[in-house]
Trainee: 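Handing you a structure now.
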Amino acid sequence: MLVKIQGAAVHGIDAIIVTVEVSVEIGASFAIVGLPDAAVKESAERVRAALRESGFKFPHRATVINLAPADVRKEGAAYDLPIALGILAGSNQLEPAPDFSKFMIMGELSLDGTLLPIRGVLPMAIKARELGIESMIVPQENAVEAATVNNLQVYGAKNLREVVEHLLGRVPLEQTVVNTRDEFFKASVQFDDDFSDVCGQENVKRAFEVACAGGHNILLVGPPGSGKSMMAKRLPTIMPPLTLREALETTKIHSVAGTLRGGTSLMAVRPFRSPHHTISPVALVGGGNNPKPGEISLAHNGILFLDEFPEFSRGVLEVLRQPLEDRTISISRARYSVDYPAGFMLVASMNPCPCGYYNHPTKQCTCPPGAVTKYLNRISGPLLDRIDIQVEIFPVPFEKLAERGTGEKSEAMRQRVIAARKIQEQRFHDEPNVHCNAQMGSRLIQKWVHLDDPSRAILEKMMTKYDMSARAYDRILKVSRTIADLAGSPEVTADHVREACGYRNLDRGSWGASNSPLPFK
């Protein structure tokens, strides 16, 4: 007897339909075909034990399981449940035979028949709705995630026996219902950290506010103990809240990566990823034998924080260049090619030299001649060009440390950021792939940034004196536009351009003395 059950496979951050075909005939063989990996092939032993422990029999007959389409590699243990149900139906142990055409069924089985959570359920549910499938049966831990998709009946089951009882109409499973919009907008975000805890550093706070308002990449340069990491970890407290579209896209990525907690519907907080500097290029960009999103995709719509920036290997840093420009990453291998979104805000921090005390106000740098330049050269010029804001940070003096808790609260900064982002939403309403100033291309820069004569003179002096690239020129204009948005100004003025030029510290020959005035007024 031949039985067909609809499942799915994850490709990139989307899903494709996989039909689990089970044929049980006279004989004594067992085979799984359709390009399965080792985990899929091992499902035979898991299914055998699960059937026995759930009160069913594993048929000692010729059983062939085909996972169609046969040219797509099938990975993981999520096919255990449809395979088990196909064997039961094919061996006439389900009477009357269920109508499997109405269902998409996925789940991993333990040896006692318990259903274990799987990854990629959200894109699978989206694909099921697109194809008009009425219902979806998944492990209990994945039910809320799948129910995020509207117009799809989702049932969460704890074990194989519950699924069988539901399909036979004996003991129906309780449908999982999630009001996506209500759940998302009700989600209140509470942060343990706040910028009011940061003593002094008003210029750095301002740079962070500008960066968040326009989605700009930012680099902090300063000695150990100056507060680089502490302030970077407070960035999520001033980021604008996720939109429903961004939340769905972000949740899909984390669903595919398997990083969602059980019972999660939609992610309500922008991701903050902080990988260690020993990370490999594959772990950063994604891929591998079983393709998964890397850190830059897990940071999509959020922040990628790279502490000790020069300590990352040159190969790791250089792979950032293309995603920073295109906001997507294409992984091409001999057997597959997938695209992952990578629209993240890069936040990096570094010491000014190997010993960490170059240009320190009270401590002497012990590095040999040339060490500072060599240390900075670990970061290539093209990568630095892609970082819009470069700020030098200095230790906080003692008198400022005594003022702990008296600074401006994150909520006040966040409201200004949100107001600036609303201006940008209206500005780019007709641009489908542009949502903030950092995403503007040359055409949009020419359209929305108009310099008067004083502003043009300031920028010309900056470009000429420090021999800056055309990319750095565009970055200054983007940051200027964001500063104007924060001020509520429809036009970019000389003050806005002057402040934006002050955020290009590493483009200067004497970058270590960035607290000195600019070479123009």
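In this chain, numbering begins with 1 at the start of the sequence shown. Everything numeric here is computed off the predicted structure, so don't read it as measured data.
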Trainee: For residues Leu266 and Leu244, determine if any side-chain heavy atom of one lies less than 4.5 Å from a side-chain heavy atom of the other.
Mentor: yes
Trainee: I'd like to know if the side chain of Thr373 reaches the main chain of Gly370, judged simply by a donor and an acceptor atom lying under 3.5 Å from each other, with no hydrogens or angles considered.
Mentor: no
Trainee: Tell me every residue that passes salt bridge (Lys or Arg N to Asp or Glu O under 4.0 Å) with Glu311, counting only those two or more places apart in sequence or in another chain.
Mentor: Arg378
Trainee: Rounded to the nearest 0.5 Å, what's the gap from CD on Gln390 to CZ on Arg504? Could you check?
Mentor: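 It is 4.5 Å, given to the nearest 0.5 Å.
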Trainee: Please step through salt bridge (Lys or Arg N to Asp or Glu O under 4.0 Å) for the pair Lys292 and Glu75, ending with a clear verdict.
Mentor: CA-CA 12 Å; Lys292 285 186 179 182; Glu75 298 169 339; over 6 Å; no
Trainee: Is the backbone of Met267 close enough, under 3.5 Å, to the side chain of Thr251 for a donor and an acceptor to pair up by distance?
Mentor: yes
Trainee: Do NZ/NE/NH1/NH2 and the carboxylate oxygens of Glu411 and Arg416 come within less than 4.0 Å?
Mentor: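 No.
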Trainee: Within this structure, what is the CD-OG distance for the pair Glu499 and Ser480, rounded to the nearest 0.5 Å?
Mentor: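 If I round to the nearest 0.5 Å, the distance is 8.5 Å.
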Trainee: To the nearest 0.5 Å, what is the distance between CG on Asp197 and CE on Met230?
Mentor: 8.0 Å
Trainee: Would you call Glu325-Arg471 a salt bridge at under 4.0 Å N-O?
Mentor: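 Answer for the salt bridge query: yes.
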Trainee: Test salt bridge (Lys or Arg N to Asp or Glu O under 4.0 Å) on Lys205 and Glu202 and set out the steps.
Mentor: CA-CA 5 Å; Lys205 293 179 186 178; Glu202 298 303 325; 3.6 Å; yes
Trainee: Kindly give the heavy-atom pair with the smallest separation between Pro117 and Glu141, and that separation in Å.
Mentor: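 Result for this residue pair: CB-CB, 3.9 Å.
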Trainee: State whether Lys422 and Glu425 are salt-bridged, where the test is any N-O pair (Lys NZ or Arg NE/NH1/NH2 against Asp/Glu carboxylate O) under 4.0 Å.
Mentor: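 Salt bridge flag = no for Glu425 with Lys422.
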Trainee: Could you check Thr259, Ile253, Thr250, Leu304 and say which one makes a side chain to side chain contact (heavy atoms under 4.5 Å, CB included) with Pro271?
Mentor: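 The side chain to side chain contact (heavy atoms under 4.5 Å, CB included) with Pro271 is passed solely by Thr250 among Thr259, Ile253, Thr250, Leu304.
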Trainee: Could you check whether any side-chain N or O of Arg234 sits under 3.5 Å from a backbone N or O of Asp193, counting only pairs where one atom can act as donor and the other as acceptor?
Mentor: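 Flag not set: sc Arg234 to bb Asp193 has no pair under 3.5 Å.
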Trainee: Does a donor on one side chain sit under 3.5 Å from an acceptor on the other, for Glu145 and Ser255?
Mentor: yes
Trainee: Tell me, please, which residues at least two apart from Met463 pass side-chain contact (heavy atoms from CB on, under 4.5 Å).
Mentor: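 With neighbours one apart ignored, the set is Leu459, Met468, Tyr473.
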Trainee: Could you go through Ser349 and Asp307, starting from their C-alpha distance and side-chain angles, then the distance that decides it, and tell me whether this counts as side-chain hydrogen bond (donor to acceptor under 3.5 Å, both in side chains)?
Mentor: CA-CA 5 Å; Ser349 68; Asp307 201 5; 2.5 Å; yes
Trainee: Of the non-hydrogen atoms in Tyr375 and Asn351, which two are nearest, and what is the gap between them?
Mentor: CE2-O, 3.2 Å
Trainee: So, Lys409 and Asp194, do they make that salt bridge, N to O below 4.0 Å?
Mentor: no
Trainee: Knowing that exactly one of Leu383, Val221, Val347 qualifies, which makes a side chain to side chain contact (heavy atoms under 4.5 Å, CB included) with Phe309?
Mentor: Leu383
Trainee: What pairs with Asp485 under salt bridge (Lys or Arg N to Asp or Glu O under 4.0 Å), at least two apart in sequence or on another chain?
Mentor: Arg427, Arg481
Trainee: Write down the atom of Pro352, the atom of Val372, and the distance for their closest heavy-atom approach.
Mentor: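 Closest pair (atom of Pro352, atom of Val372, distance): O-CG1, 3.7 Å.
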Trainee: Is there a donor-acceptor pair under 3.5 Å between the side chain of Gln424 and the backbone N or O of Asn437?
Mentor: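 Such a contact is found between Gln424 side chain and Asn437 backbone.
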Trainee: The criterion is salt bridge (Lys or Arg N to Asp or Glu O under 4.0 Å); which residues satisfy it with Lys127, sequence neighbours excluded?
Mentor: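 Only Glu130 meet the salt bridge (Lys or Arg N to Asp or Glu O under 4.0 Å) criterion with Lys127.
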Trainee: Are Pro395 and His360 close enough that some pair of their side-chain heavy atoms sits under 4.5 Å apart?
Mentor: yes
Trainee: Ignoring hydrogens, what is the shortest heavy-atom contact between Cys212 and Arg421? Give both atom names and the distance.
Mentor: O-NH2, 2.9 Å
Trainee: Just to verify, what does Asp37 make a salt bridge (Lys or Arg N to Asp or Glu O under 4.0 Å) with, not counting sequence neighbours?
Mentor: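 None.
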Trainee: Nearest heavy-atom pair of Ile389 and Val391: which atoms, and what distance?
Mentor: CG2-CG2, 3.5 Å
Trainee: Can you give me the closest heavy-atom contact between Lys228 and Pro223, atom names plus distance?
Mentor: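 Minimum heavy-atom separation between Lys228 and Pro223: NZ-O, 3.1 Å.
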Trainee: Backbone N or O of Phe394 within a donor-acceptor pair of the Gln201 side chain at under 3.5 Å?
Mentor: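 Confirmed, Gln201 side chain pairs with Phe394 backbone.
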Trainee: Judged by modelled atom types alone, do His496 and Ser489 share a side-chain donor-acceptor pair under 3.5 Å?
Mentor: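 Per modelled atom types, His496 and Ser489 side chains form no pair under 3.5 Å.
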Trainee: Indicate yes or no for a side-chain donor-acceptor contact from Ser332 to the backbone of Ser337 under 3.5 Å, with no hydrogens or angles considered.
Mentor: no
Trainee: Report the distance from atom CD of Glu308 to atom CE of Met350, rounding to the nearest 0.5 Å.
Mentor: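 The distance works out to 9.0 Å.
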Trainee: Looking only at atom types and distance, does a side-chain atom of Asn217 sit under 3.5 Å from a main-chain N or O of Arg386, one as donor and one as acceptor?
Mentor: yes
Trainee: I need the Phe208 CZ to Met239 CE distance, nearest 0.5 Å.
Mentor: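 Taking CZ in Phe208 and CE in Met239, the distance rounds to 11.5 Å.
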Trainee: Check whether any side-chain N or O of Gln322 sits under 3.5 Å from a backbone N or O of Thr328 as a donor-acceptor pair, and report yes or no.
Mentor: yes
Trainee: Are Phe312 and His277 side-chain neighbours, meaning at least one heavy-atom pair lies under 4.5 Å?
Mentor: yes
Trainee: Once rounded to the nearest 0.5 Å, what's the spacing between atom OG of Ser469 and atom CG of Asp385?
Mentor: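 Output value for this atom pair is 3.0 Å.
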Trainee: Answer yes or no: is there a side-chain heavy-atom contact under 4.5 Å between Tyr503 and Arg475?
Mentor: no
Trainee: Can you find a pair of side-chain heavy atoms, one from Val417 and one from Gln415, that are under 4.5 Å apart?
Mentor: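 Val417 does not reach Gln415 side chain to side chain.
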Trainee: Is it true that the side chains of Glu318 and Ser380 contain a donor and an acceptor less than 3.5 Å apart?
Mentor: yes
Trainee: Residues in side-chain contact (heavy atoms from CB on, under 4.5 Å) with Arg327, at least two apart?
Mentor: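 Only Gln439 meet the side-chain contact (heavy atoms from CB on, under 4.5 Å) criterion with Arg327.
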